Amino acid sequence: MIKDTETKEIQNETERQRSFIELARALTQQKMQTIGRPLTYCLTTFGCQMNEKQSEAVAGIMDEIGYVRQDSEEADVVIYNTCTVRENANLKVYGRLGHLHSLKDQNPDMKIVLFGCMMQEPQVVEKIKKTYSFVNLVFGTHNIFKFAELFYDMLLSDMQIVDIWEGTDQIVEDLPTERNYTFKSGVNIMFGCNNFCSYCIVPYVRGRERSRKPEAIVKEVERLVADGVSEVMLLGQNVNSYGKTLENPVTFAQLLTMLEEVEGLKRIRFMTSHPKDLSDELIEVMAKSKKICHHLHLPLQSGSSRVLKEMNRRYDKEKYLNLVEKIRTAIPDISLTTDIIVGFPGETEEDFQETLDVVKKAGYDTAFTFIYSKRTGTPAAAKEDQVPADVTKERFNRLLALVQEQGRIRSSRFAGTVQEVLVEEESKEKGIFTGRTQYNLLVHFPADESLLGTYVNVKLEECKGFYYLGSLAD
Ligand code: SAH
Ligand code: SF4
Ligand code: F3S
């Protein structure tokens, strides 16, 4: 159990931040009266669902301070929540900063805020200090809970404020948050990562693994459900190792069992599952559950046991395929998705053939394929046998073609069936709505707004590869 003094400290921190919200709010009200219009902000999120979730927290605070959110970057405050998992995520941010600079020339009062994973890299912060001095506030991943305080400081300062923490063991609960959807929500169950896969920068920018206490998670989910949410996505870099570092250890499967009890909750999803830690207990709980969706995201990264060893993934091809078989035996209708990296240093054609072989055998519904990106500071970046770009690209295209073909074959199993779908949003085409089956399969069908956020039965009529066209079956 967390000690009483620690609990008190965390409560104090929440109160402290709430007082900064009030201070910033007073300043903002004053400013709005002076200029005679609402103040606006634009918030863009790069990267994964963890970032999405943390952006919701920042948006919640901006809303409380009194700023109005808008899509255009011609706003009083522009905020980027950044990602650095691959180099192109980085380049996107630098590209857009150039554009923001010209907007700021037109509106010198405009404030620019950068936070998130990319800011945890020292060379990035150096570059921002040197080349992008017009950025007003920079913070990282460990002190997002301090956003209200940092924002208030920024309002009072003409200097660039940079506050990067190297790590934290603090988890501050109960700050305001603005949800992207009313009926579904991400829920962080843990932060950080201890796995140090040799290509990956996440452990360096997100710090050590920390789990939230199960009671706090259950309480958050109960609150979400009371607020209209029926589907939750539990988030962590490796949910299968949830709870190991708690003073009273709890397994991920036990957490799922507790959440199953939450009345009114209809669907439970989670990501990401590291194959090395996926337990029999989890498979059993999933097979029995009425709420856990039959979808598992099980990143492969490579099918070659030699490469997997170099990647420090701590499973091999055989163990991965055995795991898939075990899961399919216990949950025959499971939908499997994965992540694959092509062109890891030293990857040979034979290694790549092993990846293609696993893709054929595992039968993925969808696979996210990535070209290996060298991340400074990771062990793989120091390897000398980097694969030439043209070789990687050619392999990537072959993999993509196979993945798409397999995906089509897998999705066709649903043709003509009626599936329960959560209606999520109107598509670009008016009157056509988009929803998801428990298998995470997208379906487009004619409906109306009153059905948003509800579960309907949809007949899946035409398979379009990744998604279906269908019609209401009720
Ligand atoms: N914790 C998750 C992955 C989070 S990052 C897991 O272990 O499965 C999401 C995906 O980005 C990874 O699964 C991997 O496929 C990809 N990725 C991470 N680092 C990368 C790199 N340096 N180059 C290319 N892809 C990378
Ligand atoms: Fe990166 Fe590996 Fe951690 Fe996933 S498990 S975040 S790939 S280090
Ligand atoms: Fe990117 Fe950070 Fe997520 S590096 S993928 S936003 S954990």
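Keep in mind the model is a prediction, meaning the values are calculated, not measured. These values consider heavy atoms only, across backbone and side chains, with no hydrogens, waters or symmetry-generated copies. Atoms within a ligand are numbered from 1 in the order they appear, just like the ligands themselves.
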* To do: Considering only NZ, NE, NH1 and NH2 on the basic side and carboxylate oxygens on the acidic side, decide whether Lys361 and Asp357 come within less than 4.0 Å.
  => yes

* Note the single closest protein heavy atom to atom 3 (Fe) of ligand 2, along with its residue, its atom name and the distance in Å. => Cys193 SG, 2.3 Å

* Asked: Is the shortest side-chain N to carboxylate O distance from Asp316 to Arg306 below 4.0 Å?
  -> no

* Structure fact -> Nearest heavy atom to atom 20 (C) of ligand 1, choosing from Tyr372, Phe368, Tyr199, belongs to Tyr199

* To do: Under the side chain to side chain contact (heavy atoms under 4.5 Å, CB included) rule, what do Phe115 and Leu137 come out as? Steps first, then yes or no, please.
  => CA-CA 8 Å; Phe115 76 103; Leu137 170 62; over 6 Å; no

* Asked: Of all the atoms in His274, is at least one N, O or S atom closer to atom 2 (Fe) of ligand 2 than 2.8 Å?
  -> no

* Asked: Does Ile371 come within less than 4.0 angstrom of ligand 1, counting non-hydrogen atoms of the residue?
  -> yes

* Structure fact -> Closest heavy-atom approach to atom 23 (N) of ligand 1 among Ala381, Pro203, Ala89, Ser373 is made by Ser373

* Is the shortest distance from a heavy atom of Val202 to ligand 1 less than 4.0 Å? -> no

* Does Glu231 pair with Lys184 as a salt bridge, N-O distance under 4.0 Å? -> no

* Asked: For ligand 3, does Cys117 get within less than 4.0 Å through its side chain, its backbone, both, or neither, judged by non-hydrogen atoms?
  -> side chain

* If you have a sec, work out which protein heavy atom is nearest atom 10 (C) of ligand 1 and how many Å separate them, to one decimal? => Asp339 OD2, 3.4 Å

* To do: Take every heavy atom of Arg313, measure it against each atom of ligand 2, and state whether any distance is under 4.0 Å.
  => yes

* If you count the atoms of ligand 1 from 1 in the order shown, which ones are under 4.0 Å from a heavy atom of Arg375? -> 22 (N)

* Nearest non-hydrogen atom to atom 6 (S) of ligand 2 belongs to which of Gln301, Glu209, Gln237? -> Gln237

